[in-house]
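Some notes on the structure that comes next.
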Amino acid sequence: MSEEVDTPSVDPAPRELVEGLASVDEDATLYEQSLREKEGTVYALVRVSGTKHLAVVGSNPPGFEVGTSVEEGGETLALCPCTPENAERLRDQFPWAAPRPLGRTTALGCGDRLGLATPGHIRACEEAGVVPVLAQQSIREMERTGRSPQEVLDDVTWAVFQEGFTAGYGADADHLKTPADVDACLEAGYTMYTIDPSEHVDDEADHLEAAALADRFEALPWDELGTTPETCLDRYVGAPVSVDGAERTLQVEFDETALKRAAVKYGRALAHTRRMAEYLSRQYDRTRPGEDYDLEMSVDETATPTRAHEHYFVAAELNRLGVEVTSLAPRFVGDFEKGIDYVGDLDAFEEAFRDHATIARAEGGYKLSIHSGSDKFSIYPILGRHAGDHLHLKTAGTSFLEALRIPARHAPTLFRDMVDFAFRRFEDDRATYHVTTDLDAIPRPSKVADADLEETYLEDDDGRQLLHITYGSLLSATREGRPRFKDRFLTLLDDHEEEHYQALIAHFGDHIDGVGDLGGRLPPEGS
Ligand code: ZN
């Protein structure tokens, strides 16, 4: 299951390490879980003078860039900075510190926008036996947080090492829209690629008049789709299919109009997905030959729900085009707003979700991917019931909200400044989100007592959304050329590191318990 055999953990820490560290900084922290031994050399993650380093005790730290080194008891303690080069060497030394493809194993996506939440994610998943996707960031998130794909993956690498997490994890390059997006993430070493063709989804298809519908159907990129309008109609219309999932059999039938609407809605998105998937495959052959990866198609960020027969059409067309996905994210019925519970009719959701699960099982066995999946506590039992064993639940911004508990508790002035700033940014920032936040329902921070800050802004739906969607503005804000909040916020999280992790563990534990059946297990590497 892991390479633990090659790199046993070490307990207790060697005296040379402990005393060498103390001689550099008497308040140094040693992350006990990180202690590993390989070929006579001991490795650990430490915090020295406020900054994390890789500590290496042994005569010959293999290839790591060394910052400082001290002699202790006849051994050399080398302190190596957490640079991109050292992260790469660490992944070479300890292959479990690098991401890997997860295939169809049920997984929990834990986006970490700050680069400090991952140890909390790991512990929550480890406790529950859930396979985590740790480096999960969309291109949009990386732009807003000013982090590169490489930085995101490196932060995760150090966190995985810090926790001694050898069981394996995935890395999801989320919402890729262009070949350039693919390249940046491929080069960084990601192992999962989520292609987002939503700009090519025609949301008007449901309501077009017959003539307009026929025109758009004829105008689809048939060459790229490798078929013709006539053949497409022949293939689907008037030939009812039984989609046989484990739970039940679903009858799917198209009349001409339904087929045209499905094709117009998703045809260009399918062509785009094919282009992106083929590009990715070629780039892998060229730069990482023989390596496997996970592929997702996501249309979650579109206006109209994906109906069962449309999902069937997309799945059947992907199969025909030879695009093999490990997961697919339909646009589900109801509202998946950021940071709050599902909004919509639960019975209608369950009915539709059951159909989607049946199709996913029958048409290739790929996972159903749930985006904006955090805090959707009312639907978790439904997800678990119908797709617990082939589910990919993605969460991202909810970890940012958990991090904000720390300033709310320990730095009320900073927290109030952040909330004030979020109020000013909200109208602009909401443009790219689907939220129904009622700003008037949120008290201004000057009116809220210190002791009530956390409850007012982080337990209340409107407050959560206010802070959820303004994260990019909060993190990138500057004053007099310097970060306005970010540095103080991150320092505070470092100062309250364990408390931050505990908040995440509690929150993610609730998610995992809610779904009930998220306990995927990875097969041994290479199988
Ligand atoms: Zn998404």
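Being a predicted model, the structure only gives us computed values, none of them experimental. For ligands, and for the atoms within them, numbers begin at 1 and follow the listed sequence. By convention here, the first residue in the shown sequence is residue 1.
Note that the OG atom of Ser476 and the CZ atom of Arg425 stand 8.0 Å from one another [nearest 0.5 Å].
With waters left out, the protein N, O or S atoms under 2.8 Å from the Zn ion (ligand 1) add up to 3.
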* Kindly determine whether Tyr279 and Asp183 satisfy side chain to side chain donor-acceptor pair (under 3.5 Å), including the steps that lead there. => CA-CA 9 Å; Tyr279 180 78; Asp183 284 340; 2.6 Å; yes
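Among residues at least two apart or in separate chains, salt bridge (charged side-chain N to carboxylate O under 4.0 Å, His left out) pairs with a member in residues 323-339 are Arg104-Glu324.
Applying the side chain to side chain donor-acceptor pair (under 3.5 Å) rule to Thr178 yields the partners Asp181; only residues at least two apart in sequence or on another chain are considered. Under the side chain to side chain contact (heavy atoms under 4.5 Å, CB included) criterion, Thr249 pairs with Ser242, Asp244, Gln251, not counting sequence neighbours.
Both tests do not hold together for Arg464 against Tyr471: distance to the six-membered ring centre under 6.0 Å, angle to the ring axis within 45°.
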